[in-house]
Amino acid sequence: MLAIVYIAAFSVAKFQNKGLIGDRGIAPARFVLDDSQKRQELRSARRKEWAEERKKYSQKGSWLMNKLSDSRIATLFRDKFWFRTDRADRPLPCLLWLAKDRRNLNPWLDGLANTGLLLSTIMLAAGSANALLIFALWLIQRSFMSVGGVFYGYGWEPQLAELTFHSLFLVPLLSMDPFFGSGSGVFAVPTLVLWATRFYLAKIMLGAGLIKMKSSDRKWKPGDMSAMYYFYETQPVPNPFSRYFHFMPKAWHKFEVWTNHVVELVAPFLLLSPLRKWRITGALIQIIFQLVLITSGNLSFLNWLTIVPAILCLDDVFLTNNLPSFAQKVLIGTPMTSSFVASLKSGSLQLLHTPMPRKVISFAFFVLMAKLNIKVVQNLLVKRQLMNASFDKLRLAGTYGAFGVVAEEREELIIESAIDSNGPWKEYNFNVKPGDVNRSPRWISPYHHRLDWQLWIAAQTGRIERNPWILSLLLKLLQKEKDVVGLLESDPWSGNDASPMYIRVEKYKYSYNDKGSSPYWNRERIGRYFPYGQGVLTEAMLKDIIRGR
């Protein structure tokens, strides 16, 4: 199942990253790397000055520590990793640092995406993985997160990285044998790592539930409970079933809110129960909940990803007794051979003694995650809870949440361009973002169109000052930049010798057509999003605005 999630994630990277963060993309990755290197050079220079000054005051006994601190290895570690940080002072683990020419990163972006696709396909086909393969997937994912900016700022990105880090300690170091062991038995999955993974799922669900109860949105609170009446219409990317969910009775929508609170605030504690039946019940609740969310909207691979740790709460006995072989292959990820199932059901399966090095590593991992999650738990308990944040520099453990506030109206940004400032204006249609009122939504989950999602966020968060990347998007559209235009469903100027000279962004209110027929959407113009007033933008104007930022 994790392999399926990674195939979706790296497919998105393969087909979209060049337009988003490529050499001529909306937010080129090289800008992130250049800024990080400037911070590294400044810190390295300051540390060198400090080291020279320290020599004047060094005390006896500190010689060894100073020697180690100034060693070539320590200096290399600081300069190539620890001092290369983002604006939040977090190191940027990224394979793109290896590129000699940062103005030609597109081959690297393609290479990383293709490598990730290859490795995740191998994992899916083999039904197993080892630590080297998992680490490679984690490093590629972290590389994209490091340079992805707003387009990799969604909660499921660090959530995927964190689960992958857990997986490192669930699999063998080198063996790809799904029944790792020998002819006489198999090694058990490390118990401490399993409990850490169960806690990982529990904190995700609790974070999602608590953020709703602590938010200022009354629609999640007792006495109102109307959030789901609006959610299906205003969610980021609806699917073909979303409209049907939306027009269900209001009483049903209130029931959905109550059910949501039970699933996110009560059921997670079942995952941490020492009683097997309770854990299995808790896992099934989460799996069913995520499947319902998958059918009601396109939420990227978030729901698919959340199912993965829930499966780990279902042991082999339950799965082999209750699932057909095909489902076992998909969910467990191992070819459940007849001999393995037979020995499992008969109780003759022999568990081998776990080697001491593995016990030590599992214990160290458990202690590390326990320490890193202290601040996560504290965040869950405070009134002003942070959503989708991490408290350690390496982002190994995070706190998550979603949809603390549900909008009551759907607002969309519509980008238009023209050859003449007086029109006619041609509208840009995106792959899944509502635009053409006659176009019905598609089901794309677990795939994801990042630009469409980010435009939904921009429409919800106010003025363009909070979304400056849109300026770059508008400029690239005027320039008919191939990789950026490739992110759209179609180019309205395709096949036209003339290029647009003017561009603007309008804001519209969208709502489902309750007649259930064409047009699929109703829309009403709200006003101009940018430029303010009744003006229009040219390529020269956009360049000046961007240069002045």
Side-chain angles (χ1 to χ4, degrees), residues 16-36 38 86-87 102-103 105-106 109 147-154 236 411-421 423 425-431 433-435 449-493 499-508 525-549:
Q16 299 179 35
N17 273 2
K18 289 196 295 294
L20 297 173
I21 59 174
D23 299 328
R24 299 183 63 83
I26 299 170
R30 68 174 179 274
F31 293 163
V32 178
L33 297 178
D34 290 345
D35 286 346
S36 180
K38 290 177 182 177
D86 59 15
R87 294 182 179 180
R102 291 183 195 157
R103 303 192 68 84
L105 291 179
N106 280 358
L109 294 173
V147 298
V150 295
F151 299 110
Y152 273 82
Y154 317 120
E411 296 182 353
E412 289 288 347
L413 301 183
I414 302 299
I415 302 175
E416 301 171 330
S417 61
I419 296 176
D420 188 278
S421 60
W425 292 86
K426 292 188 177 183
E427 183 176 320
Y428 291 91
N429 277 315
F430 293 78
N431 285 290
K433 188 184 83 65
H449 289 282
R450 297 184 184 275
L451 180 57
D452 297 52
W453 191 292
Q454 198 60 35
L455 281 167
W456 173 84
I457 293 176
Q460 311 304 310
T461 54
R463 296 163 66 92
I464 199 170
E465 285 78 8
R466 300 187 63 180
N467 303 280
W469 60 270
I470 293 181
L471 296 170
S472 177
L473 170 63
L474 299 178
L475 177 61
K476 301 295 182 180
L477 291 178
L478 279 183
Q479 295 173 336
K480 300 181 73 170
E481 186 60 51
K482 179 182 177 183
D483 290 332
V484 176
V485 173
L487 298 172
L488 311 180
E489 181 183 53
S490 60
D491 178 8
W493 300 97
S499 295
M501 299 294 294
Y502 304 92
I503 198 164
R504 67 188 185 187
V505 186
E506 302 282 300
K507 180 176 277 193
Y508 284 82
R525 184 178 182 273
I526 298 174
R528 183 69 51 82
Y529 176 78
F530 194 76
Y532 306 125
Q534 297 299 317
V536 294
L537 295 163
T538 65
E539 181 176 339
M541 293 168 64
L542 284 166
K543 286 181 178 180
D544 287 341
I545 296 172
I546 294 172
R547 192 179 301 116
R549 293 191 63 83

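Just so we're clear, the structure is a prediction, and the values are computed from it rather than from any experiment. Values below: all heavy atoms of this structure, side chains included; hydrogens, waters and symmetry mates excluded.
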Heavy-atom pair with the smallest gap, counting every atom of [X] and [Y]:
X      : Y      : value
Pro500 : Lys480 : CD-CD, 4.2 Å
Ala458 : Ile470 : CB-CD1, 3.7 Å
Pro434 : Glu412 : CD-OE2, 3.4 Å
Lys507 : Ala459 : NZ-O, 3.3 Å
Gly435 : Ile414 : CA-CD1, 4.2 Å
Val484 : Gly19  : CG2-O, 3.6 Å

Quick one: [atom1] on [X] to [atom2] on [Y], what's the gap to the nearest 0.5 Å?
X      : Y      : atom1 : atom2 : value
Gln460 : Leu413 : CD    : CG    : 8.5 Å
Leu20  : Ser472 : CG    : OG    : 10.5 Å
Gln479 : Lys543 : CD    : NZ    : 5.5 Å
Leu473 : Leu478 : CG    : CG    : 10.0 Å
Phe430 : Glu489 : CZ    : CD    : 10.5 Å
Leu477 : Glu416 : CG    : CD    : 12.5 Å

- request: Any chance you could lay out the side-chain contact (heavy atoms from CB on, under 4.5 Å) test for Ile419 and Trp493, step after step, and finish with the verdict?
  value: CA-CA 10 Å; Ile419 296 176; Trp493 300 97; 3.4 Å; yes

Is the shortest side-chain heavy-atom distance between [X] and [Y] below 4.5 Å?
X      : Y      : result
Trp425 : Glu506 : no
Leu537 : Tyr502 : no
Ile503 : Leu542 : yes
Ile464 : Val505 : no
Trp469 : Gln454 : yes

- request: Output every pair passing side chain to side chain donor-acceptor pair (under 3.5 Å) with a member in residues 20-30, not counting sequence neighbours, ordered by first then second residue.
  value: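 Side chain to side chain donor-acceptor pair (under 3.5 Å) check on residues 20-30 returns Arg24-Glu481.
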
- prompt: Under 3.5 Å, is there a donor-acceptor pair between the side chain of Asn467 and the main chain of Thr461?
  reply: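 Not a single qualifying donor-acceptor pair exists.
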
task: For the pair Lys433 (side chain) and Leu451 (backbone), establish whether a donor and an acceptor sit closer than 3.5 Å, ignoring hydrogens and angles.
output: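 Not a single qualifying donor-acceptor pair exists.
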
query: Are the aromatic rings of Tyr152 and Tyr154 close, with centres under 6.0 Å apart?
result: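 Centroid distance Tyr152-Tyr154: not below 6.0 Å, so no.
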
Under-4.0 Å salt bridge between Asp35 and Arg87: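 Looking at Asp35 and Arg87, the cut-off is met.
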
field: Tyr428, Phe530, Tyr529 screened by side chain to side chain contact (heavy atoms under 4.5 Å, CB included) with Ile415, the one that passes
entry: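 It is Tyr428; the other options fail the test.
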
- request: Identify the residue among Ile21, Leu474, Leu487 that makes a side chain to side chain contact (heavy atoms under 4.5 Å, CB included) with Ile26.
  value: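 Looking at Ile21, Leu474, Leu487, the match for Ile26 under the side chain to side chain contact (heavy atoms under 4.5 Å, CB included) is Leu487.
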
field: Whether over 12 other heavy atoms sit under 6.0 Å from Arg103 CZ
entry: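 Not buried by this count: 12 neighbours or fewer within 6.0 Å.
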
message: Counting only heavy atoms from other residues, nucleotides and ligands, does the tally under 6.0 Å from CE of Met501 exceed 12?
response: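 It does not: Met501 CE has 12 such atoms or fewer within range.
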
